[in-house]
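All chains are named by letter (A, B, ...) in the order of the sequence lines, taking the proteins before the strands, and each is independently numbered beginning at 1.
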Number of protein chains: 2
Amino acid sequence: MDCNVVDRLKGRGIIPSAHRVAIGDYVLRTIEHPSADQVWERVKTSFPVLSRATVYNTLNLFVRKGLLQELILAEGKVVFDPNVADHHHLVEEDSGIIYDIPWDAVQVSGLDTLTDLEIDSYQVVARGRKRRH
Amino acid sequence: MDCNVVDRLKGRGIIPSAHRVAIGDYVLRTIEHPSADQVWERVKTSFPVLSRATVYNTLNLFVRKGLLQELILAEGKVVFDPNVADHHHLVEEDSGIIYDIPWDAVQVSGLDTLTDLEIDSYQVVARGRKRRH
DNA sequence: CCATAGTTTTAGAGTAAGTCTAAAGATATA
DNA sequence: TATATCTTTAGACTTACTCTAAAACTATGG
Ligand SMILES: [Mn+2]
Ligand SMILES: [Mn+2]
Ligand SMILES: [Zn+2]
Ligand SMILES: [Zn+2]
């Protein structure tokens, strides 16, 4: 487990430019499931010289190199998740917040009996909300 | 079980105009999970005087009235599903085809132990492909 | 130091899904 | 017929995202 962003980029063959490290410092540590524009807004506060295209380029690069996964859970926006291990999600429609559900919290059975389907991956997508207090 | 589109629209308080019936004749019977533009292309072949806006208006009306559900399973497009009962889906990334997985084919357990989550609905979303022959 | 090649970043144009607007067309009723 | 209500329409608009081609870095070798 390597928490140093520079080394994680190098480990995947990505040159750790200042821009990429600034983006990685946020998006590789967050639990927020941000969209590309949310990453842009957020990273600009600490790293103001940053174009929209660089954010998209970098996020797509991180996805290609296996540092991020893309999730499509709501209309009109892709969000990014630094947790690339299998897990499930709860989508809170009102707020737009996406919560992680640990893989081991849920058991899914029966998929293996669908012999006509070749399944690469799966997850449970729940809609609802997090109870307050 | 009522397969007459005109009566199904009336049953939901929708005036069954010729346009709406033409759209419903396709989208309320298909198993294809089409996008709005796919509905437009398809319905125009048998009903040429049809604007894009009418297709979007009608699909959104059908969703509001409970005749269709919207699914967001792949990047950049919403698809529509006349099967509004609970069921799961397999997304075939290469072809873009979405297959239904019957609700009873899969058992999901453990969601009820997540007492901090209030879950309205859920489904398993699998990625993979349908085996050929 | 310079020259040069490769890489990264950029603004802004382009694309595509979807919504909105305001007018025109239908239909129903009195 | 007159009037009200509902439906359909073209096209403008918005938004998320990609593409392009030039500028700005960085590394290397002389
Ligand atoms: Mn993408
Ligand atoms: Mn919609
Ligand atoms: Zn997640
Ligand atoms: Zn379905």
Side-chain angles (χ1 to χ4, degrees), chain A residues 5-6 9-10 12-27 32-44 46-65 67-81 96 98, chain B residues 5-6 9-10 12-27 32-44 46-65 67-81 96 98:
Chain A
V5 168
V6 171
L9 300 195
K10 283 182 184 164
R12 304 280 174 147
I14 299 169
I15 295 175
S17 69
H19 294 72
R20 287 170 177 166
V21 172
I23 293 166
D25 268 334
Y26 168 60
V27 80
E32 293 180 301
H33 303 88
S35 68
D37 277 7
Q38 284 168 334
V39 173
W40 189 35
E41 286 308 324
R42 173 66 179 263
V43 177
K44 265 196 304 188
S46 58
F47 195 93
V49 186
L50 180 66
S51 96
R52 226 156 149 278
T54 298
V55 174
Y56 277 92
N57 289 343
T58 301
L59 293 172
N60 288 337
L61 177 66
F62 287 1
V63 170
R64 248 172 11 249
K65 299 294 188 177
L67 291 169
L68 284 180
Q69 73 174 128
E70 267 186 10
L71 298 173
I72 299 131
L73 299 173
E75 188 168 349
K77 68 175 169 183
V78 173
V79 300
F80 296 89
D81 191 341
I98 295 163
Chain B
V5 168
V6 171
L9 301 194
K10 284 182 185 164
R12 302 281 173 148
I14 299 169
I15 294 175
S17 70
H19 295 72
R20 287 170 177 168
V21 172
I23 293 167
D25 268 334
Y26 168 59
V27 81
E32 293 179 301
H33 302 89
S35 69
D37 277 8
Q38 284 169 335
V39 172
W40 190 35
E41 286 307 325
R42 173 66 179 265
V43 176
K44 266 195 303 188
S46 57
F47 195 92
V49 186
L50 179 66
S51 97
R52 223 160 149 276
T54 298
V55 173
Y56 277 92
N57 289 344
T58 301
L59 292 172
N60 288 338
L61 177 67
F62 287 1
V63 169
R64 248 172 10 250
K65 297 295 187 176
L67 292 170
L68 284 179
Q69 72 175 129
E70 266 187 12
L71 298 173
I72 299 132
L73 299 173
E75 189 169 344
K77 67 176 170 181
V78 174
V79 300
F80 296 89
D81 191 341
I98 295 164

### Message
side chain to side chain contact (heavy atoms under 4.5 Å, CB included), that's the test. Do Leu50(B) and Ile23(B) meet it? Break it down for me.
### Response
CA-CA 10 Å; Leu50(B) 179 66; Ile23(B) 293 167; 4.1 Å; yes

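- Within residues 68-81 of chain B, no residue has any heavy atom under 4.0 Å from DNA chain D.
- Not a single side chain to side chain contact (heavy atoms under 4.5 Å, CB included) links Ala74(B) to another residue, sequence neighbours left out.
- Each salt bridge (Lys or Arg N to Asp or Glu O under 4.0 Å) pair with one or both residues in residues 33-43 of chain A, not counting sequence neighbours, appears once here: Glu32(A)-Arg42(A), Asp37(A)-Arg52(A), Glu41(A)-Lys44(A).
- Proximity of Tyr56(B) to the phosphate of dG18(C): a side-chain N or O atom is located under 4.0 Å from OP1 or OP2.
- Nearest heavy atom pair, residue Leu68(B) against residue Val27(B), reads CD2-O, 3.9 Å.
- Residues satisfying the side chain to side chain contact (heavy atoms under 4.5 Å, CB included) test with Ile72(A), not counting sequence neighbours, are Val78(A), Ile72(B), Glu75(B).
- Remark: His19(A) engages no residue in a side chain to side chain donor-acceptor pair (under 3.5 Å) (not counting sequence neighbours).
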### Task
For nucleotides 7-12 of chain C, just jot down a letter per nucleotide in 5' to 3' order: B, S or -, based on protein non-hydrogen atoms under 4.0 Å.
SSSBB-

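- The outermost nucleotides of DNA chain D lying under 4.0 Å from heavy atoms of chain B, listed 5' to 3', are dC6(D) to dA10(D).
- The shortest distance between side-chain heavy atoms of Gln69(A) and Phe80(A) does not fall below 4.5 Å.
- For the pair Val55(B) and Ala36(B), the tightest heavy-atom approach, listed with the atom from each and the gap, is CG1-O, 3.6 Å.
- Residues that satisfy the side chain to side chain contact (heavy atoms under 4.5 Å, CB included) test with Gln38(A), not counting sequence neighbours, are Pro34(A), Ser35(A), Lys77(A).
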For residues 58-65 of chain B, dump all side-chain donor-acceptor pairs below 3.5 Å to protein atoms at least two apart in sequence or in another chain.
from: Thr58(B); atom 1: OG1; to: Thr54(B); atom 2: O; distance (Å): 2.7
from: Asn60(B); atom 1: ND2; to: Tyr56(B); atom 2: O; distance (Å): 3.3

